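What follows is a single structure, written as C-alpha cells, with notes after it.
The shown structure was predicted, so the numbers you read here are calculated from the model rather than taken from an experiment. Just so we're on the same page: letters track the sequence lines, and every chain starts at 1.
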Amino acid sequence: MKRSSYCGFVREDSIGKDVTVCGWVHSRRDHGGVIFIDLRDRTGILQIVFQPENKEIFAVAEKLRSEYVLAVKGLVRNRPEGTVNPNMPTGQVEVVVAEIDVLNTAPGLPFEISDYVETSEELRLKYRYLDMRRPNFQKNFIMRHNVSQEIRNFLNIEGFLEIETPFLGKSTPEGARDFLVPARLHHGSFYALPQSPQIFKQILMVAGFDKYYQIARCFRDEDLRADRQLEFTQVDLEMSFVEENDVMGVIERMLAKVFKTALNTDVKTPFARMPYAEAMLRYGSDKPDTRFEMEIKDFCEEFKSCGFSVFANVLAKGGIIRGLCIPKGAGFSRSEIDGLTKFVGEYGAKGLAWMKVTETGAESNIVKYFKDEEIKAVIAKFGAKPGDLIVYLADEEKIVAQGLGALRLKMGKELGLIDKNKFNFLWVVDFPMFEWDKDEQRWQALHHPFTSPKDGEALTKENAGNAKAKAYDVVLNGVELGGGSIRIHQKEVQKKVFELLNITEEAAKEKFGFLLDALSYGAPPHGGVALGFDRLCALIAGEESIREVIAFPKTQKALDPMSNAPGEVSEKQLKELGIRVVVKQAKN
RNA sequence: GGGGACGUGGUGUAGCCUGGUUUAACACACUGCCCUGUCAAGGCAGAGACCGCGGGUUCAAAUCCCGUCGUCCCCGCCA
C-alpha cells in the first residue's frame, strides 16, 4: 500500500475520497461492535474506524495494540452527527478502513506516549525515540525546523553567505574548557572542538566574504544546566563595513520575522536598549527580565550616616547598599525570611536585612538603628505600601547586584508577577571592556579579547575599569539569547588589549597569531553576533529546558543514557593515538 | 568543587515527619471478558513493586541514621 496522505492532512476536502494513511496506533477504543483507532504520524492524529461487517479486517483490529505500525486504506467520510470532535484538527472526519497492513508490532512500552504524563528524564532519554513520538515533542521539532529555515531564508535575502568552518581547530587560551581530540598523525598534539566559530568568521571577513552566517554547532566542556549542553547550536553571523546598529538591526528584523512565522506574534522593533550599568543597578543582572517591575533601588545615599553598624562598615569599605521591595511580603514568617537569607547566601551575601512596612513606618529587629527620616526615605523611594517587605543587601557591588537580582526573579515567579504571554526583547549595551578577576588579580575580557572598544576609549591600565566596548547582548524575557560586538580590526588596538589582559606577545602569537596575521593584511572593520539557537527555540516552545528542543541531549552529568556515551575505548585505539596512560577515576 | 530536591509495580504518585494494625494504597498503562459512536471512552475481573543500592540503629525499617549510585535544580564554572 502506498501512502496517499499524512494523517493530519485528511480534512473535510477529502470527504468521499479513498486515502491510504500510515502511522502508529496512538490509542484504541474498542466498543465491541465498533473499534476506533487514533492513528498518529508527525502531522497529527486521525481517527480510523473498523466496523464488524468486514469480519476479516475487524478481527485484525481486535488484535492491534499501542504503537503498532499500520498502513490503512479507506473512505474518508463525515463523522455521524453528534460525534464530531472539535478539539481535533481532523475531528470532522474519519476513515472507514477497507484494507489494512500491520507493518510492525511493539511490545509493552516503558512509559506512556502522552502529553499528559511526565516521565523521569533518565527514562525519557534512554528511550528517546519513544519520547520523541509525543505530539508536543514533534511539534517542537517541526517548529525548530521552521525557525532555522526562516532564519536561513531571511539571511539569504539579506545577502548573507552560509559558510562552514572547521570542527577540528586549535585550543584557545581564554574562555570555556575545550573538548580535545587527539591527533593520530601527530602524537602528543590535539585538535580542539570549537567553542564558537569566532576566529574563523573574522578571518572570513578578512577574506572579503562580507556577510557570513552559519547555524553552527559549538562545544564547551563545562558543567551542564537547564539552558546549557556540552554541544549546542548558534546562529552565528558576521558582517563587514558595519557599526553596532547595523548588526543589531539585522537581528531585530530576523527575530521579528521568526516570531511572526513561529508564533504569529508581532515583535516591536527596534528593541528597547539598556546600558549594562543600568541593568545591573535596576535588575541586578546583565540579562534583565523586564516583564515585571519590582526594581532594585540603591540606598548608599540614604544610609550614608545611618546608625546600623553593618551598613556603616560596608560603606566604609567601599561597598554598597541596595534593596528590593517585595509587595505584600510582610506576611512572610521568620523562617520564610530565613529562607530568603539562605537563598541570597548562595550568591555570597552574608546576610539579609529586612523591614516590614506598616501604617506608621516599619518594623523589624533592625528598625531601631535607623532614624525615622531614613526609613521614610526608603519607603518613598519604593513607593512602598503597608504590608510590603523591604529587604537590603550590603556588600561589594557584584554580590549585592547578583543576590538581589536573583531574589527579584525568584519573587517575581513565586508571586506570579510574570506575564507569560509577553515577549520582552531588550538590547543590553555599553558593556565594559574588562572585568577585574579577583582570584587571578588581572583584567579579563568581559566579552572576548577581539571586542572593539568604543571610539576614543583610552586603553590604559588606569582606564581599564571604565573603558566601554562596542558590544551588545540581546535578551528575551530574562534569557540571554545572544551577544556580539564590533571587532578590533587594527593590529595596534588588538596589541593594547592583549597587553591589558596580560597576554604576552608570544602567547598571543602562539594561540591565535594566525588571526593577528590575517588582521594585518587589510582587515575591514567588521562585527557580528551569535544567537543561542536552542534557547531561542525553547523560548518559542515555552519550554523551561533546552533539552526539550534538542533531539539527543545529555543528562546533567553529561551522559547519554541511550547510547551510553561516553564509553571506554580499546587499548588498540589508544595506542594508535599515542595515548599511553589511561587514568581511571578512583572509586572513592 | 559546593548546596538543595527527588528515587516506592510498566508510568505517575500517596504512605516516610510521629517505625509495628500495610496482605504497601491510588490513578494511568497492561492482560482477559462485556459493550455499535468513542475520542485522556466506559463497565467487570486480573496480573504486576518486598519500597535505587549497601551498611547501621531497633524486638521490628519503605519509614530513623550513615554511605553510595542515579535524575533534576542552583552556586562556582560557562571570554
Touch check for [X], heavy atoms < 4.0 angstrom, all strands: base, sugar-phosphate only, or nothing?
| X | result |
| --- | --- |
| A/Gln444 | nothing |
| A/Val344 | nothing |
| A/Leu501 | nothing |
| A/Thr119 | sugar-phosphate |
| A/Arg134 | nothing |
| A/Pro110 | sugar-phosphate |
| A/Ile35 | nothing |
| A/Leu125 | nothing |
| A/Gln47 | base |
| A/Pro561 | nothing |

If I take atom [atom1] in residue [X] and atom [atom2] in nucleotide [N], what distance separates them, rounded to the nearest angstrom?
| X | N | atom1 | atom2 | value |
| --- | --- | --- | --- | --- |
| A/Gln402 | B/rC74 | CD | P | 15 Å |
| A/Ile546 | B/rC72 | CD1 | C1' | 14 Å |
| A/Glu118 | B/rG7 | CD | P | 16 Å |
| A/Lys342 | B/rC74 | NZ | C1' | 12 Å |
| A/Gln51 | B/rU38 | CD | C1' | 13 Å |
| A/Glu122 | B/rA5 | CD | P | 20 Å |
| A/Lys410 | B/rC75 | NZ | C1' | 14 Å |
| A/Glu94 | B/rU36 | CD | C1' | 12 Å |

Taking salt bridge (Lys or Arg N to Asp or Glu O under 4.0 Å) as the definition, give me every residue that meets it alongside [X], ordered by chain and number, with sequence neighbours left out.
| X | result |
| --- | --- |
| A/Arg65 | none |
| A/Glu231 | A/Arg217, A/Lys554 |
| A/Arg487 | A/Glu238 |

Which residues satisfy the ring-ring contact (aromatic ring centres under 6.0 Å, His included) test with A/Tyr347, sequence neighbours excluded? A/Phe343

Any side-chain N or O of A/Gln195 less than 4.0 Å from the OP1 or OP2 oxygen of B/rC77? no

Taking only N and O in the side chain of A/Arg225, is any of them less than 4.0 Å away from OP1 or OP2 of B/rC75? yes

Kindly list each side-chain donor-acceptor pair under 3.5 angstrom involving residues 464-478 of chain A, sequence neighbours excluded, with atom names and distances?
residue	atom	partner	partner atom	Å
A/Lys468	NZ	A/Asn466	O	3.3
A/Lys470	NZ	A/Glu243	OE2	3.2
A/Lys470	NZ	A/Asp455	OD1	2.8
A/Tyr472	OH	A/Ser485	N	3.3
A/Tyr472	OH	A/Ser485	O	3.3
A/Tyr472	OH	A/Gly528	O	2.9
A/Asn477	OD1	A/Asn424	N	2.8
A/Asn477	ND2	A/Lys422	O	3.0

Ranking B/rC72, B/rC78, B/rG37 by distance to the side chain of A/Arg77, first place goes to B/rG37

Centroid distance under 5.5 Å and plane angle under 30°, A/Phe36 vs B/rU38: yes

Table please: side-chain donor-acceptor pairs of residues 41-50 of chain A below 3.5 Å, with sequence neighbours left out.
residue	atom	partner	partner atom	Å
A/Asp41	OD1	A/Thr43	N	2.8
A/Asp41	OD1	A/Thr43	OG1	2.5
A/Asp41	OD1	A/Gly44	N	3.4
A/Asp41	OD2	A/Cys7	N	2.7
A/Thr43	OG1	A/Gly8	N	2.7
A/Gln47	OE1	A/Arg29	NH2	3.0
A/Gln47	NE2	A/Glu94	OE1	3.0

Could you check whether the side chain of [X] and the base of [N] have a donor-acceptor pair of N or O atoms closer than 3.5 Å, going by distance alone?
| X | N | value |
| --- | --- | --- |
| A/Arg79 | B/rC39 | yes |
| A/Glu81 | B/rG37 | no |
| A/Arg228 | B/rC78 | yes |

Using the rule given for salt bridge (Lys or Arg N to Asp or Glu O under 4.0 Å), can you reason through A/Asp30 versus A/Arg28, listing the C-alpha separation, both sets of side-chain angles and the distance that settles it, and then say yes or no? CA-CA 6 Å; A/Asp30 184 346; A/Arg28 172 169 164 277; 3.3 Å; yes

[N] and [M]: how far apart are their [atom1] atoms, nearest whole angstrom?
| N | M | atom1 | answer |
| --- | --- | --- | --- |
| B/rG42 | B/rU36 | C1' | 14 Å |
| B/rU18 | B/rA25 | P | 24 Å |
| B/rC34 | B/rC53 | P | 41 Å |
| B/rA24 | B/rA62 | P | 10 Å |
| B/rG43 | B/rA60 | P | 45 Å |
| B/rG76 | B/rU31 | P | 50 Å |
| B/rG10 | B/rG20 | C1' | 31 Å |
| B/rC50 | B/rU63 | C1' | 14 Å |

Under 4.0 Å protein heavy-atom contacts per nucleotide of nucleotides 41-53 of chain B, with B for base, S for backbone only and - for none: B------------

Under 4.0 Å protein heavy-atom contact, by nucleotide of nucleotides 26-33 of chain B - B base, S sugar-phosphate only: --BSSSS-

Could A/Lys461 and A/Glu499 be called an ion pair, given the rule that one side-chain N must be under 4.0 Å from one carboxylate O? no

Is the number of heavy atoms from other residues, nucleotides or ligands within 6.0 Å of OH (A/Tyr191) greater than 12? no

Under 3.5 Å, which donor-acceptor pairs link side chains of residues 502-513 of chain A to any protein atom two or more places apart or in another chain?
residue	atom	partner	partner atom	Å
A/Thr504	OG1	A/Ala507	N	3.0

Applying salt bridge (Lys or Arg N to Asp or Glu O under 4.0 Å), run through A/Arg124 and A/Glu548 and close with a yes or a no. CA-CA 11 Å; A/Arg124 290 182 55 199; A/Glu548 300 302 320; 2.9 Å; yes

Side chains of A/Arg535 and A/Glu480: closer than 4.5 Å at any heavy-atom pair? yes

